[in-house]
Structure formats: C-alpha cells, structure tokens
Number of protein chains: 2
Amino acid sequence: MSAVGRKVRNTAIDYRQVSEQWNAEHQGQRKPTINDVAELAGVSKKTVSRVINNSPLVNEETRDGIQTVIQTIGYQPDPQARGLAFRRSFLVGMIYDNPNPQYVVNMQLGILDGLRGTAYELVVHPCDRDSDRFIEDAKQFVELQKLHGVILTPSISEDDRITDMLREIGCAYVRVASIALDMEQRMIVTNDRIGSRAAARHLAELGHRRVAFIAGRGSFRSAHERRSGFEEGLAEFGLKLSPDYILQGNYTFESGLEQGAKLLALDPPPTAVFAANDEMAAGVVQALRIAGLDVPESLSVVGFDDFEVATRIWPRLTTVHSPTRDIGRLAAERLLQSESADSEVSGTGQTTPHLVERESTASPAS
Amino acid sequence: MSAVGRKVRNTAIDYRQVSEQWNAEHQGQRKPTINDVAELAGVSKKTVSRVINNSPLVNEETRDGIQTVIQTIGYQPDPQARGLAFRRSFLVGMIYDNPNPQYVVNMQLGILDGLRGTAYELVVHPCDRDSDRFIEDAKQFVELQKLHGVILTPSISEDDRITDMLREIGCAYVRVASIALDMEQRMIVTNDRIGSRAAARHLAELGHRRVAFIAGRGSFRSAHERRSGFEEGLAEFGLKLSPDYILQGNYTFESGLEQGAKLLALDPPPTAVFAANDEMAAGVVQALRIAGLDVPESLSVVGFDDFEVATRIWPRLTTVHSPTRDIGRLAAERLLQSESADSEVSGTGQTTPHLVERESTASPAS
DNA sequence: CCTGTTATTGACACCGGTGACAATAAGTTT
DNA sequence: AAACTTATTGTCACCGGTGTCAATAACAGG
C-alpha cells in the first residue's frame, strides 16, 4: 500500500484531528454544511451526500472517514435543502377533526414517539369536515408543505374524499380507524369492537339482563363498531339489545345528559347502560345525579375511551381503555416504513382496547 | 408611448390570456414556479421575487401584470426554497410542558388562528422540563428546523434557560405567562391575579368568612399569582387567609383529592375553598363526595381554568375562565409582528380572565 | 498487452428561491 | 450637451443539498 500513488487517497489523513481543528477555528460560529465535511474529509460533496443517504456505493474506508468528520464537527444535513432537492419535505402532517383534546394530545405524543430519532417533525392541521373547503384546504396544506406523509384520525380518516385527494397528489398517508378501510400499509385499526364486547361481557357477568346502549354519532364508523361489538358480547350470554333500550346520542356530554334522562323514564328501567364514549357516560352519570339517583346502585354505567373525565367524576367510570398514544406511534412508524425498502409492513397494525373496572358498575339490585 | 422602442416592454401583453393558455397546456401537471411566472410575465425571476416580497422597487404596472399571472396560474412560492435562501423556515414552534390536554389543544388552535392566512405552519414540540437534555433538545429542534420563532407556554415559558438559549441563537420567541417576565414584544400576559381576585370577591359576597386556599405547584408563577390575587380579593372585604387554611397542592387531581380530605379535618372547617385550578377543585369535590358530603351545602368550591372537567362533574364548578385560544392567537400575532416593520407592538398583550358562576358555590349554611 | 467489467468518485446542472450589484432608461442639473 | 440622479430591472452567484452521467482505477478474461 504505497502512499505515493498518483490518485491514491492520502491514507494518512487523521480525520478526527482535522475535524477538531475545524471545531477550534469556527467555535460554533455557524453550523457546518456538507461542503465543510467534504473539504475536511478530502472528498466531493456528492460522496458525503452518499454517506448521508446510506448509499452502498461508497468505499468502506471513505465512509468511515466521512462519518468521523461528521461526528466530530457535529454536522447535520439541512432538512430544507435536502427537501428542496428531494422535492419533498421532512414534515409529517396530522390532519384531524376529533374534538376531544385528550385524544388529540395523546395521538400527537404517540406520533412524536414514532418520529423520535428520525429527521421528521410533526405539523398539526385541525380541520372542519363540514366545511366545503376542507378538502381544498388540506390539499393546499399538503402540497405547499410537500409533506412526506399525513396521518388521519377519526372521523376524518373515514372520509374517502380526503384519501382520494392524497393518492391523486401522491402523498403517503396512514389512516387510524376502528375498521380496516384501506390497504394494510395505510391502516392502523383500533378494534373498538373487541373493546365493546368486553364491556358487554362485564355487564352480563355482573348479572345485568336489562341493558341499554347509547349510540355514538351515526356518521362515525366507531359508532357502528361499538354497537356491534356490544351486541356480540351480549349475545354470548344469550342477551339481546331491545330496540327500546337503544338511545341515539352523538358522542357529546350534552347528548349523554339528555339520553340519560330518557333512560330513567323507560319502563321497566334498564339496570345498566353502555355509552359509546366516556363523555356520554359522564352525561348519564350527571343526569342520574340531578335526578337524585346513585350510580351504580340505580344504574351501572360503562363508558369507552378512558379519557380523563372517566376518573374525574364520581363514581369513576368503568370504561374501555384504548391505547391512543401507542396507536399514534404505530401510525407514525407505519408511515415512515412505507419509504424504507422492506416491502413487507411489519407489526400488526392492530391495537386492542381493554376494560378498566372502576366504581360505576356493580351487580343489579334485583 | 411608442410600442416600438428597443427596450420598451411590450405593453400589449395580455397577462390573463397568456396565463390561461399556460393553464390549459399544463393542466395541473406540476405546480408553477417562479420561473414560469417570470417567463409568462416577460420579466426576470428577480422581479417576480420582488413582487412576492412586496418590495417597493417595482413599477406599478409591472407589479399588476405579474400579480395577474400569479393569480391566474395559481402560483405559490415554495416555502422550502424561500426558506433555504432566507436561511430560515416558515415554521413556528410551540414548545410546551403543560400536561393539560385542553390547554394544549386550545393553545394550538389559537396559534393556528393567528397563523391563518400567513405562509406559516405550526410544529409542536412537547418537552420535559426536568430532563437534563431538554434545553439541548429544544436548541437542536429550533436550529435544525431554522424556526421562524417559537411560542412558549407555562411552565416552560418561565424558564430563563430556554429564553437565554433562544436569544443566543437568534430565534424570536413569545412567552405566555401569568406575569410579565420579558420585554413587551415577547410577552402575552394572562393576568391570573385578576381572575383570582374575582374568585375571592365572589366567595366574600356570598357571605363566606372562613375561606381556604389550595395552592398550585410552588415552582409555577401562576401558583403565586393566583394566591396573591386571591388574598388581594379577600382583603378588599377585610378578610385574611389564615395560614391554617392554606394547603399545598401541585395542580393535580390527586393532590386536590388529598388536600380536600385534609380540609375536612380542619377545625373550625372552612365554608369555602378556592383551588388554584380545576383539577384540584375536582379533586376536592370528589373528596367530599367520598366522605358523603355535598357541595356546595357543606363547602363551596371554586376552581380556575374552566376546562372541561369543570362542567363534567356534579355540581359543575364555579371557576375562572381564561381565554386560552385567544391567548394563543395573540401570541402568534405578536410573534409574526416582530418581523414586520411596525416597530411598535400593537395590541395589549394582556388578557383578562373572568369568573363563571355554576353550582359549586352558594352562601354558607349558617 | 488490450479490452470489458466492476467499484468508486467527481463534475456539473439543478431544486426554487434571494442577495449584491450592475445595467439601462428617463429625468435633472449645470 | 455632458454629467449626475432616480427608478426600474436584470445578471450572476449562492443557499445546501441531490440526480445524472462521465471519469478513473483496479481487476478479470482472452
């Protein structure tokens, strides 16, 4: 290994030393760029670019040297410049319309969990599904920011208009929903049905026979899933949900309050009720409270979601816990997967909720 | 006005027609760039750039023509390219550690309100103030994304380490806090003190004389403000907060539960209590409920924040409402102001909370 | 030794904008 | 009329990366 060959790289470069000298000279005056790295390593910027992008077309020694320089001077590629060249950004969007703050925040935290350690950042984009410009708005947002991809959460994730638009402009996406609405690599399924089944079993096992259900907003997939799951669970015990005992709510606390009041007027009254979410369950509890009745003595109440409200009211709600944060993480991971070479989607893309027993349920007084 | 002059612009260009033809030819195949606009308008891209950036150095007719082209072909400057040239991005960061989902979401909505119609987008960055890497993390985030600016909310907004870091790297910021901690153009003040005063007045006017206070986490500015304001309000009625009646909470529901229990053991018991936030107030209500006592009959309870929990529990909380969303909007507006020429900061930068009376307060029994 | 192949690297243009400064034309001054 | 201003516009390099394709060297085969 002669060190004199014309085109032979000077194998004697001490990358670390060279880089440390650079550090000393520039004392963090400016962030190093790819050009600095190239110069220090004695290669072209294109080669550095190859290293950054894990190209296999780089000699191992060269790669090591460049990596040493990168480490030492603390070089980080500029996402903006990279994005400009790639014609896309390193931003992930979360487009949502779910009004529940806890859901939103947990989902954000989960997505950020999934993004941690990557070059991606999260841009949030709440929207109003009822607005006639919302598709246009979203398109504008995605195109202008050249988003790497977006994560859609209920209920907007159930709207094909938005996914059609995204496919049309070639933007990757992952939908979070209670049933599989799309190809596997584009879905994270929350399996509300299984959770609701557990709620039904719990009530049946406590001995309830006259059981009511307060449905969620009909236009939401989860409303159907939660109802179906509940009916399935009851069926396992030979119980049927009588039509009289099915009340229509819309997922709000107020609707729970209303339907809770109606519940009390039923004859014979149910001994238990499953509300399709905690907000409505809390409404039912408050309705009883206003009527001077106690939960669970007069009525057992089960919710769904296990949001904060479930533990803030008294009695605390027995409810179905859904791992929102994990769901967010899975969604982000799946979104980033779509770019990596592993054509196979890893992980199940399914999450399973579970029942949390608290004080709002008990055996019927009989 | 000869149309033959050598360097005279062809005044006969019909910008609209030319642009519509472009539209027809390209049928949305790709987004138009500044080069397209320049070509269609028959000017250099630099001149288009001037129009985009509202430079006064452009002839009015030229500007109109370019604007027509821009309108017609729907050109929008690429934020990434612009950012690269400007050495900064069109992203605003929200750095926060407040764990309350409703606060976070409302703040985000408010910031987005303030950003609407601008080229800016919001990137969220929750963090852990106790982590020893959190400053470093934040710095990394801000520098890598070259953020236009960041909005800091409590309690992290009270931490000078982060603002020092931001000033050092030359990043604009706006702090949201309960008192003025910084220069006017960098502050939005929430005036918790005034809100707490209102809470005190309310209780005093109802006839309460033995009044207790559950303090928030001592390291939060708001905890001091809320306490001081409350004491000031009481003082207006010649009342003093006895040391025995000051209990130390930490803003969590659990601490409210604990301190609520302690409250009951006081002799003589207070007839009313002001908890420094709704979570603790809800805890107090639950503590009474567990002890078999009624609110407000046994004890009037006032909270602070007017988050959802205030209306989900029974009785619903009398509390102090803070306009979180407006605060977010103001913060965003102030952040963007700092760049515009108007050296004077407009708007007050102050928001005032107000009392919302509900069922958790009443005159004392006696 | 000549030629084809593979491995590695670099040159150069380009992504879509902006900054610095020069160039041009028209109007003003002397 | 020459020289100076002012208003307006363009040229060219650059921001910090990547894509395309050519160049080079080392190696294998004939």
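Each chain gets a letter, A, B and so on, in the order the sequences are listed, and its residues count up from 1.
- The separation between B:Leu84 atom CG and D:dC14 atom C1' is 9 Å, rounded to whole Å.
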>> As a quick check of understanding, evaluate salt bridge (Lys or Arg N to Asp or Glu O under 4.0 Å) for B:Arg116 and B:Asp113, giving each step before the final call.
In response: CA-CA 5 Å; B:Arg116 194 154 300 139; B:Asp113 286 343; 3.1 Å; yes
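- With rounding to the nearest 0.5 angstrom, the CD atom of A:Gln76 is 4.0 Å from the CD atom of B:Gln140.
- One atom, CZ of B:Arg30, and another, P of C:dC15, lie 9 Å apart when rounded to the nearest Å.
- For the atom pair A:Ile135 CD1 and A:Met165 CE, the distance stands at 5.5 Å (nearest 0.5 Å).
- Evaluated for a side-chain contact (heavy atoms from CB on, under 4.5 Å) with A:Phe134, the options A:Asp97, A:Ile156, A:Asp128 yield exactly one hit, A:Ile156.
- Helix-axis bend for the helix from C:dC1-D:dG30 to C:dT30-D:dA1: the local axis fitted to the five terminal pairs at one end deviates from that at the other end by 60°, rounded to 10°.
- Here the NE2-CG distance, from B:His148 to B:Leu335, works out to 5.0 Å after rounding to the nearest 0.5 Å.
- Between the side chains of B:Arg82 and B:Asn53, at least one donor N or O sits under 3.5 Å from an acceptor N or O.
- With values rounded to the nearest 0.5 angstrom, B:Ile70 atom CD1 is found 6.0 Å from B:Gln67 atom CD.
- A straight line from NZ of A:Lys146 to C1' of C:dG16 spans 8 Å, rounded to a whole angstrom.
- A:Leu57 places its CG atom 14 Å from the C1' atom of D:dT18, with the value rounded to the nearest Å.
- The distance from atom CD of B:Glu60 to atom P of D:dT9 is 11 Å, rounded to the nearest whole Å.
- With sequence neighbours excluded, the residues satisfying ring-ring contact (aromatic ring centres under 6.0 Å, His included) with B:Phe141 are B:His125.
- Rounded to an integer number of Å, the gap from CG of A:Asn59 to C1' of D:dA25 is 12 Å.
- Atom-to-atom distance recorded for B:Ile66:CD1 and B:Asn59:CG is 9.5 Å, nearest 0.5 angstrom.
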Which pairs, protein N/O on one side and nucleotides 17-19 of chain C N/O on the other, fall under 3.5 Å?
from, atom 1, to, atom 2, distance (Å)
C:dG17, OP1, B:Tyr75, OH, 3.1
C:dG17, OP1, B:Asp78, N, 3.0
C:dG17, OP2, B:Ile34, N, 2.6
C:dG17, OP2, B:Tyr75, OH, 3.2
C:dG17, O5', B:Tyr75, OH, 3.0
C:dG17, N7, B:Lys45, NZ, 2.8
C:dG17, O6, B:Lys45, NZ, 3.4
C:dT18, OP1, B:Asn53, OD1, 3.4
C:dT18, OP1, B:Asn53, ND2, 2.6
C:dT18, OP1, B:Arg82, NH1, 3.2
C:dT18, OP2, B:Ser49, OG, 2.3
C:dG19, N7, B:Lys46, NZ, 2.7

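- Rounded to an integer number of Å, the gap from A:Arg88 CZ to D:dG19 C1' is 15 Å.
- Contact between the side-chain N/O atoms of B:Thr47 and the OP1/OP2 oxygens of D:dG10 is found at a separation under 4.0 Å.
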